[in-house]
K.L.:
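Questions regarding the structure given below will be posed in turn.
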Amino acid sequence: MEPVNTDVSVEPARGTEAATGTATDAAATIGTILLAVEELWPESLAEEWDEVGLVAGHPSAGVSRILFAVDPTLEVIEEAIEFGAELLITHHPLLLRGVTSVAANTAKGKAVHRLIESGTGLLTVHTNGDSAVGGVSDVLADALGLQNVAPLTPAANGLPEEGIGRVGDLPDVLTLGDFAARVFGILPSVAGGVRVSGDPDGLVGRVAVCGGAGDSLFGAVRASNADVYVTADLRHHPASEAREGAVGGRPYLIDVSHFASEWLWLPAAAAALGNVLTDQGHEVDIRVSSTNSDPWDFILTPGGD
């Protein structure tokens with residue numbers, strides 16, 4: 001599996017040196033990072049079913065290096081350890097559902113043991129990172145050039161501009177084919193590519209997006225009058241029913257990699273956290289993982305040469 005190109009990341013982002021050229025001796029701790037993360041991505045924005053926050057690590061432990069990643073896989077954990085990160089921040093939770101054992105002969109147990117034994121903390125920023133201003137869908141909308149952006153589903157406990165998904169307008173109308181090519185071009189390369197449902201010559205001007213799995217938002221997408229919906233993990237039945245119920249063929253659907261749609265947020269998140277820590281006088285080296293944790297390795301398609 002090809003690694004992700006992290007040239008757009010903040011690696012290496014050296015706290016106040018990056019901003020002012022003057023280093024500081026102020027020591028950051030996991031507790032310090034938790035406060036900064038709460039400022040950027042409040043836990044109150046997380047969905048009720050979600051599990052966010054500190055998973056492993058002591059709040060008093062010092063932090064000089066942080067690695068951002070989408071998934072807390074064993075490969076990512078090893079990358080964090082090799083980098084010397086005292087804290088790994090991932091979008092996806094390691095322990096979303098209840099477990100009865102963290103024995104090291106299971107994948108999740110092995111991950112927990114490796115984190116604790118290496119002294120690497122793990123922090124999850126999941127749906128709070130989706131919903132917050134500057135979150136996953138905001139970054140996706142910005143990368144696609146959308147204007148007049150608003151949430152698809154406003155947050156129950158947030159600002160008017162916070163919530164799951166985003167909808168906005170392209171500055172110029174594009175054909176679905178050209179817009180799909182734009183989507184393909186902004187995402188990291190993965191085996192699954194981009195799947196499109198709709199007339200390639202159909203015109204699109206209003207766009208709904210949801211980084212990660214978004215087929216639960218079709219009602220909000222229809223209400224937003226979007227011409228096309230960009231999201232990940234579209235299942236057969238919800239997608240088929242959405243297309244059957246489309247008015248005038250819209251909304252068209254663009255199905256992308258779950259990993260790729262959320263990876264775009266990592267450089268922006270790393271930069272945002274770096275700025276907060278810099279303002280607080282902390283010197284922390286923040287990097288974005290180069291590990292491609294998309295689960296698919298190759299795809300077969302009909303009609304290939």
Side-chain angles (χ1 to χ4, degrees), residues 1-9 50 67-80 82 88-97 106-108 110-111 114 122 124-127 129-130 136-137 139-140 143-144 165 176-177 179-198 200 208-218 228-240 242-243 252-269 288-305:
M1 186 177 294
E2 292 295 322
V4 177
N5 183 342
T6 58
D7 288 345
V8 294
S9 75
D50 202 6
L67 186 72
F68 269 83
V70 174
D71 297 293
T73 63
L74 289 168
E75 184 177 359
V76 167
I77 291 170
E78 291 302 329
E79 181 185 3
E82 183 177 349
L88 171 62
I89 299 179
T90 63
H91 185 55
H92 290 150
L94 175 64
L95 304 172
L96 180 58
R97 296 176 178 85
T106 66
K108 290 188 182 294
K110 187 180 296 183
R114 196 73 182 100
L122 175 62
T124 301
V125 180
H126 193 207
T127 53
D130 290 329
V136 172
S137 292
V139 171
L140 183 56
L144 291 171
L176 177 60
F179 178 71
R182 177 180 293 188
V183 172
F184 179 82
I186 67 168
L187 297 175
S189 297
V190 294
V194 171
R195 300 189 299 175
V196 185
S197 178
V209 301
C210 180
D215 63 16
S216 64
L217 299 180
F218 277 128
V228 61
Y229 182 35
V230 182
T231 190
D233 294 347
L234 286 179
R235 295 169 295 167
H236 174 85
H237 293 296
S240 177
R243 295 298 294 139
Y252 302 129
L253 304 179
I254 297 183
D255 186 28
V256 301
S257 157
H258 191 130
F259 162 82
S261 70
E262 295 177 329
W263 185 89
L264 288 178
W265 173 71
L266 299 182
V288 172
S289 169
S290 63
T291 298
N292 183 345
S293 56
D294 186 272
W296 306 108
D297 294 310
F298 63 92
I299 187 170
L300 304 178
T301 60
D305 294 331

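This is a predicted model, so every value here is computed, not measured.
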K.L.:
Would you say E75's side chain and S293's backbone share a donor-acceptor pair under 3.5 angstrom?
P.N.:
no
K.L.:
So do T90 and D71 actually touch side chain to side chain, heavy atoms under 4.5 Å?
P.N.:
no
K.L.:
What's the separation between atom OG1 in T124 and atom CG in D50, rounded to the nearest 0.5 Å?
P.N.:
8.0 Å
K.L.:
With side chains defined as the heavy atoms from C-beta onward, is the minimum distance between T291 and V70 less than 4.5 Å?
P.N.:
no
K.L.:
Mind listing the closest non-hydrogen atom pair of S137 and G211 along with its distance?
P.N.:
OG-N, 3.2 Å
K.L.:
Report the residues that fulfil side chain to side chain contact (heavy atoms under 4.5 Å, CB included) with I186, sequence neighbours left out, ordered by chain and then residue number.
P.N.:
L140, A143, L144, L264
K.L.:
Name all residues meeting the side chain to side chain contact (heavy atoms under 4.5 Å, CB included) criterion together with T231; count only those two or more places apart in sequence or in a different chain, and write none if there are none.
P.N.:
C210, Y229, L234
K.L.:
Taking N292 for its side chain and D294 for its backbone only, find out whether a donor-acceptor pair lies under 3.5 Å.
P.N.:
yes
K.L.:
Name all pairs fulfilling the salt bridge (Lys or Arg N to Asp or Glu O under 4.0 Å) condition that reach into residues 254-264, sequence neighbours left out, sorted by first residue then second.
P.N.:
R195-D255
K.L.:
I'd like to check the ring pair (Phe, Tyr, Trp, His ring centres under 6.0 Å) partners of H91; sequence neighbours left out, ordered by chain and number.
P.N.:
H126, W265
K.L.:
If we only count heavy atoms from C-beta on, is the F218 to L253 side-chain gap below 4.5 Å?
P.N.:
yes
K.L.:
Which atoms form the tightest heavy-atom contact between F68 and A269, and what is the distance?
P.N.:
CE2-CB, 3.7 Å
K.L.:
Provide the closest heavy-atom pair for A180 versus V196 in the form atom of the first, atom of the second, distance.
P.N.:
CB-CG2, 3.7 Å
K.L.:
Considering residues at least two apart in sequence or located in another chain, which fulfil the side chain to side chain contact (heavy atoms under 4.5 Å, CB included) criterion with A232?
P.N.:
V256, H258, S261
K.L.:
For A268 and V139, which heavy atoms make the closest approach, and how far apart are they?
P.N.:
CB-CG2, 3.8 Å
K.L.:
Quick one: does S289's side chain get under 4.5 Å of L266's, heavy atoms only?
P.N.:
no
K.L.:
Rounded to the nearest 0.5 Å, what's the gap from CD on E79 to CG on L74? Could you check?
P.N.:
13.0 Å
K.L.:
Looking only at atom types and distance, does a side-chain atom of D215 sit under 3.5 Å from a main-chain N or O of P238, one as donor and one as acceptor?
P.N.:
no
K.L.:
Please give me the minimum heavy-atom distance between L94 and A111, naming the atom from each residue.
P.N.:
CD1-CB, 4.1 Å
K.L.:
Please report the interatomic distance OG(S257) to CH2(W263), rounded to the nearest 0.5 Å.
P.N.:
12.0 Å
K.L.:
Under the side chain to side chain contact (heavy atoms under 4.5 Å, CB included) test, which residues partner R97, sequence neighbours left out?
P.N.:
none
